2 protein chains.
Amino acid sequence: MARSPTTTDAFTAIAEPRRRELLGALAGDRYARSGGRTGGPERDVSWLIEELGWPQPQVSKHLGVLRKVGLVTVVRKGKRRMYSLNGEQLRPVYDWVKTYERFWDHQLQRIKERAERMQRESKPAHRPSTPT
Amino acid sequence: MARSPTTTDAFTAIAEPRRRELLGALAGDRYARSGGRTGGPERDVSWLIEELGWPQPQVSKHLGVLRKVGLVTVVRKGKRRMYSLNGEQLRPVYDWVKTYERFWDHQLQRIKERAERMQRESKPAHRPSTPT
DNA sequence: TTGACATATGCCTGTATAGGAATATATTCC
DNA sequence: GGAATATATTCCTATACAGGCATATGTCAA
C-alpha cells in the first residue's frame with residue numbers, strides 16, 4: 001500500500017507545508033480582517049498567486065486538495081473564484097492534538113483542572129485542596 | 001518533487017492514521033496512567049504489538065518514523081525497548097491549529113476573550129463592556 | 001465571434017511511501 | 001557457544017504525490 005492520499009482528511013492535507021501557508025494567507029495572516037462569512041475573508045486565486053508568489057497551477061492544485069477535504073470553500077464571482085477558509089474542518093485536528101495537551105504542558109494542565117474544578121463547584125478562590 | 005517525507009516533522013508523521021493510533025496507545029488511552037517521565041507510560045514493543053494487533057515489523061517501522069520526528073523516545077531495558085510518548089513535539093501542531101480557533105468556534109472565542117479580559121483586569125463578574 | 005483574462009486540469013518525472021515477507025541484529029539464558 | 005526472545009532492517013510492489021510545463025475550460029468585453 002502507498003501513503004494515504006492527501007485528500008483523505010485535514011490531517012493529510014495540512015501535512016504539506018505549502019498548504020498550511022496557503023491557509024495562512026486565506027486566514028488573513030498579517031492582513032486586516034475584512035468580511036468573510038464563516039471563515040476568513042474571500043480571496044480570489046489571483047490574489048493568492050500574487051500574495052504567495054507561486055506559479056498559478058501550483059496554487060490551483062493546492063486549492064483543489066484543500067477544497068476536497070473541505071478546508072476551503074469557493075464561490076464563483078464572474079470569472080473570479082472567491083476562496084475562503086472553512087475552519088470547521090480543522091477542528092478534528094485540534095480535538096485530537098488537544099487530548100495530548102497533558103503530555104507537553106503539565107503546568108497548563110494543572111491550571112485548567114483547577115479552573116474547571118472551581119467552575120464545577122462554583123467556589124470562588126484557591127483553597128489549598130488535594131494536590132495532584 | 002515528491003511529497004515531503006513522513007519523517008520531516010510532526011505534521012507529516014501524524015498524517016498517517018496508524019501512527020495516531022500508535023500514539024494513542026502510548027498515551028495510555030483507556031489504560032491506567034502508570035509511571036512515565038515526561039510523557040506517557042513506558043511500553044515495550046511487544047506490548048504495542050499485542051495492544052494494536054499489528055504485525056511486528058509494521059509497529060517497529062511506525063515507531064521508527066515517530067522516533068525520527070521525536071514524538072517518541074526509547075530506552076533500552078535488557079532485550080526490551082521501552083517507548084514513551086514525547087508530547088513536546090505535538091506542540092507545534094497544537095500551536096498552529098490553535099491560531100485558527102476563531103474560524104470554527106466563534107462562541108468559544110468570545111467566552112475565552114471575556115475570561116481573559118476578566119483575569120487581566122481582575123474584575124469579578126460580567127460588566128457589559130465594549131461588545132465585539 | 002474573437003480575444004483577453006482567470007482558473008483548472010492533464011501529462012511527465014523523481015521521490016517516497018505502507019504493507020508483507022524474509023532476514024539481520026541484539027540480548028538473555030543455559 | 002547456541003538456542004530463544006525481542007526488535008530493527010531490507011527487499012519488493014503498488015500507489016501517490018508535488019512541481020514544471022502545456023493546455024483546456026469558463027467568463028467577460030468589444
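A quick note: this is a predicted structure, and the numbers were derived from the prediction, not measured. Order of the sequence lines fixes the chain letters, A, B, ..., with proteins taken first and strands second; residue numbering starts at 1 for each chain.
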Rounded to whole angstroms, how far apart are [atom1] on [X] and [atom2] on [N]?
{"X": "B/D44", "N": "C/dT27", "atom1": "CG", "atom2": "C1'", "result": "14 Å"}
{"X": "B/L66", "N": "D/dA8", "atom1": "CG", "atom2": "P", "result": "12 Å"}
{"X": "B/H62", "N": "C/dA18", "atom1": "NE2", "atom2": "C1'", "result": "6 Å"}
{"X": "B/R80", "N": "D/dA6", "atom1": "CZ", "atom2": "C1'", "result": "7 Å"}
{"X": "B/K79", "N": "D/dT7", "atom1": "NZ", "atom2": "P", "result": "9 Å"}
{"X": "B/R67", "N": "D/dT9", "atom1": "CZ", "atom2": "C1'", "result": "11 Å"}
{"X": "A/K68", "N": "D/dA18", "atom1": "NZ", "atom2": "P", "result": "11 Å"}
{"X": "B/K61", "N": "D/dA6", "atom1": "NZ", "atom2": "P", "result": "20 Å"}

Counting only side-chain nitrogens and oxygens, does [X] get under 4.0 Å of the OP1 or OP2 atom of [N]?
{"X": "A/Y83", "N": "C/dA6", "value": "no"}
{"X": "B/Q58", "N": "C/dG20", "value": "yes"}
{"X": "A/R19", "N": "D/dA18", "value": "yes"}

Among [options], which nucleotide has an atom closest to any side-chain atom of [X]?
{"X": "B/P5", "options": "C/dG19, D/dA18, C/dT17", "value": "C/dT17"}
{"X": "B/R76", "options": "D/dA18, C/dA26, D/dG20", "value": "C/dA26"}
{"X": "B/T6", "options": "D/dA6, C/dG20, C/dT17", "value": "C/dT17"}

Handout entry: First encountered from the 5' end of DNA chain C, between B/K77 and B/R18
Key =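 The residue mapped nearer the 5' terminus is B/R18.
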For a quick check under 3.5 Å, do [X] and [Y] share a side-chain donor-acceptor pair by atom type?
{"X": "B/E101", "Y": "A/Y94", "value": "yes"}
{"X": "B/E50", "Y": "B/S46", "value": "no"}
{"X": "A/H62", "Y": "A/R18", "value": "no"}

Practice task
Check A/T7 against A/T12 and note the closest heavy-atom contact, atom names and distance.
Solution key: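 Looks like N-OG1, 4.2 Å.
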Exercise for the section: Considering non-hydrogen atoms only, spot the tightest contact between A/E42 and A/V75 and give its length. Expected result: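 Answer, listing the atom of A/E42 first, then A/V75: OE2-CG2, 3.5 Å.
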Practice task
Give a yes or no on whether a donor-acceptor pair under 3.5 Å exists between the nucleobase atoms of C/dA8, that is its base, and the side chain of A/Q56.
Solution key: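 Present.
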Practice task
Between B/R81 and B/S4, just flag the one whose closest nucleotide in DNA chain D comes earlier from the 5' side.
Solution key: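 Upstream on the strand: B/R81.
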Exercise for the section: Using the closest heavy atom to pick a nucleotide of DNA chain D for each, name whichever of B/M1 or B/S46 lands nearer the 5' end. Expected result: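 Looking at DNA chain D, the more 5' nearest nucleotide goes with B/S46.
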Practice task
Could you check whether B/P55 gets within reach of a base, just the sugar-phosphate, or nothing at all, counting any heavy atom under 4.0 Å?
Solution key: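 The residue B/P55 makes sugar-phosphate contact but no base contact.
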